[in-house]
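These notes concern the structure reproduced below.
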2 protein chains.
Amino acid sequence: MDSSDEATLHQDAALSRTRLVLWQKLQKSASVIEDELRRRLRRDCDSTLPRFDVMAVLDATPDGLRMREISDRLRVSAGNVTGIVDKLAQEGLAKRVAVPDDRRASRVVLTEKGQGAFAVLARIRESWINEMLGNLNLDDVDGMILRLDRLIDALDTDEFGALAQKGTENGGI
Amino acid sequence: MDSSDEATLHQDAALSRTRLVLWQKLQKSASVIEDELRRRLRRDCDSTLPRFDVMAVLDATPDGLRMREISDRLRVSAGNVTGIVDKLAQEGLAKRVAVPDDRRASRVVLTEKGQGAFAVLARIRESWINEMLGNLNLDDVDGMILRLDRLIDALDTDEFGALAQKGTENGGI
DNA sequence: GGATGGTATTTCAGGCTTGAAGTTTTAGGC
DNA sequence: GCCTAAAACTTCAAGCCTGAAATACCATCC
């Protein structure tokens, strides 16, 4: 660490400030898009984002997941997952299956109805995202994915968010 | 619109899929960082993210803002802002000021105490962000800001999020 | 084989957010 | 000057989420 002369200190400060600006823009884009998805999911699909998210991680794992695995991948509390799965089960979209060797746990799997419903939702969601990100071309998208991968790597490695390493495949709408 | 031959259709589909992947990574980074900020703000500063956000938009506008302007910039409901400002006022960090020509409205301004508290919080927050985005160099940061600006532009222009054009300066932690 | 500690899940109280009234006030047409 | 529509704000019920118990169960160490 030899950032000991003035020029370097100034560069550090400028970079820090620019990173902050980046965070503000990252945060704004994500929340505008997420709010819009939430709204459309309610309005057009009579569903919710948390329910979609749970269905997404289940759909990605045909053998089903334990409650704890779901809450780890989505980074929400275990109690929250209980409620969401309860509702999915009530609607016949998911069901709990006993785990042979562990009577504490249960696996959650999508029913056929749940798989069908999710397939429809997933297609609609992709078209929404494609619309909202419509003015980013392939270069833009690749460039951002490259950087976000590095960022996510660091976030997973550092203490924070360390529980969610595996949740990238289908974890968020 | 002449994406009528197979090759182009295939490219469109691939781009759509890649945009979806980008969204998932965007969403994950933003939520990991935001959750961590929320946690640290509680743990280390005895504050909350919504309160910080309100103070941020107020600090950026020394003349103060109306309730409605705050809720527009932060994209939260008016009722929510009422509650947050109530709490800030209780703690002496902000106060409501009557608007001369409109007895329905009130301007909200930070008190001196509020300005001081925000200055401290803002510095800490910048260091946190600088830490969390630490493995992105200046090229990365600039590259992402460039693209996010275009994205935010499109999001503001389209119907969704149209209320929040001006909230980019200091609007989100 | 019983105690001890840890794991999987649920329950629940408390806080945050929204959306839908409700109140007061302003603005515009007539 | 009224009357209607709309705006600014507040209140409130309902839903979501968290974190902290509580419950039930597994596993390990003596």
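Heavy-atom basis, side chains included; hydrogens, waters and symmetry copies ignored. The chains referred to below are lettered A, B, ... by the order of the sequence lines, with proteins before strands, and numbering in each begins at 1.
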Determine whether a donor-acceptor pair (N or O, by modelled atom type, separation under 3.5 Å) exists between the side chain of [X] and the backbone of [Y].
{"X": "Ser31(B)", "Y": "Gln27(B)", "answer": "yes"}
{"X": "Ser127(B)", "Y": "Ile124(B)", "answer": "yes"}
{"X": "Ser71(A)", "Y": "Val81(A)", "answer": "no"}

First of Gly83(A) and Ala105(A) reached from the 5' end of DNA chain C, by closest nucleotide: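 That would be Ala105(A).
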
Exercise. For DNA chain C, whose closest nucleotide is more 5', that of Asp102(A) or that of Gly79(A)?
Worked result: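 The residue closer to the strand's 5' end, by nearest nucleotide, is Asp102(A).
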
Can you confirm whether Arg17(B) is buried at CZ, in the sense that more than 12 heavy atoms of other residues, nucleotides or ligands lie under 6.0 Å from that atom?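 Check fails, neighbour count at 12 or below.
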
Using a heavy-atom cut-off of under 4.0 Å over every strand shown, decide if Val81(A) touches base, sugar-phosphate, or nothing.
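Answer is nothing: Val81(A) stays at 4.0 Å or more from every strand.
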
Subject >> Touch class at under 4.0 angstrom, heavy-atom based, for Val76(B) against every strand present >> reply: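 Touches sugar-phosphate only.
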
Between [atom2] of [N] and [atom1] of [X], the distance in whole Å:
{"X": "Arg39(A)", "N": "dG19(C)", "atom1": "CZ", "atom2": "C1'", "value": "13 Å"}
{"X": "Ile84(A)", "N": "dG15(D)", "atom1": "CD1", "atom2": "P", "value": "15 Å"}
{"X": "Arg96(A)", "N": "dT9(C)", "atom1": "CZ", "atom2": "P", "value": "9 Å"}
{"X": "Met67(B)", "N": "dT18(C)", "atom1": "CE", "atom2": "P", "value": "13 Å"}
{"X": "Asp53(A)", "N": "dC16(D)", "atom1": "CG", "atom2": "C1'", "value": "13 Å"}
{"X": "Asp46(A)", "N": "dG15(D)", "atom1": "CG", "atom2": "P", "value": "14 Å"}
{"X": "Asp72(B)", "N": "dC9(D)", "atom1": "CG", "atom2": "P", "value": "10 Å"}
{"X": "Ile70(B)", "N": "dC9(D)", "atom1": "CD1", "atom2": "C1'", "value": "12 Å"}

*asked:* Under a 3.5 Å cutoff, is there a donor and acceptor pairing between the side chains of Arg19(B) and Asn130(A)?
replied: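 Yes.
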
Choosing from [options], which nucleotide comes nearest the side chain of [X]?
{"X": "Asn80(B)", "options": "dC9(D), dT18(C), dG19(D)", "answer": "dT18(C)"}
{"X": "Pro50(B)", "options": "dC9(D), dC16(D), dC16(C)", "answer": "dC16(C)"}
{"X": "Thr48(B)", "options": "dC16(C), dT18(D), dC16(D)", "answer": "dC16(C)"}

Position toward the 5' end of DNA chain D (nearest nucleotide), Arg103(A) or Arg42(A) =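 Result of the comparison: Arg42(A).
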
Has Lys87(A) got a side-chain N or O lying under 4.0 Å from the OP1 or OP2 atom of dC16(D)?
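True: Lys87(A) side-chain N/O within range (under 4.0 Å) of dC16(D) OP1/OP2.
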
**Prompt:** Could one point to a donor on the side chain of Arg104(A) or the base of dT9(C) with an acceptor on the other under 3.5 Å away?
**Reply:**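 Donor-acceptor pair under 3.5 Å: no.
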
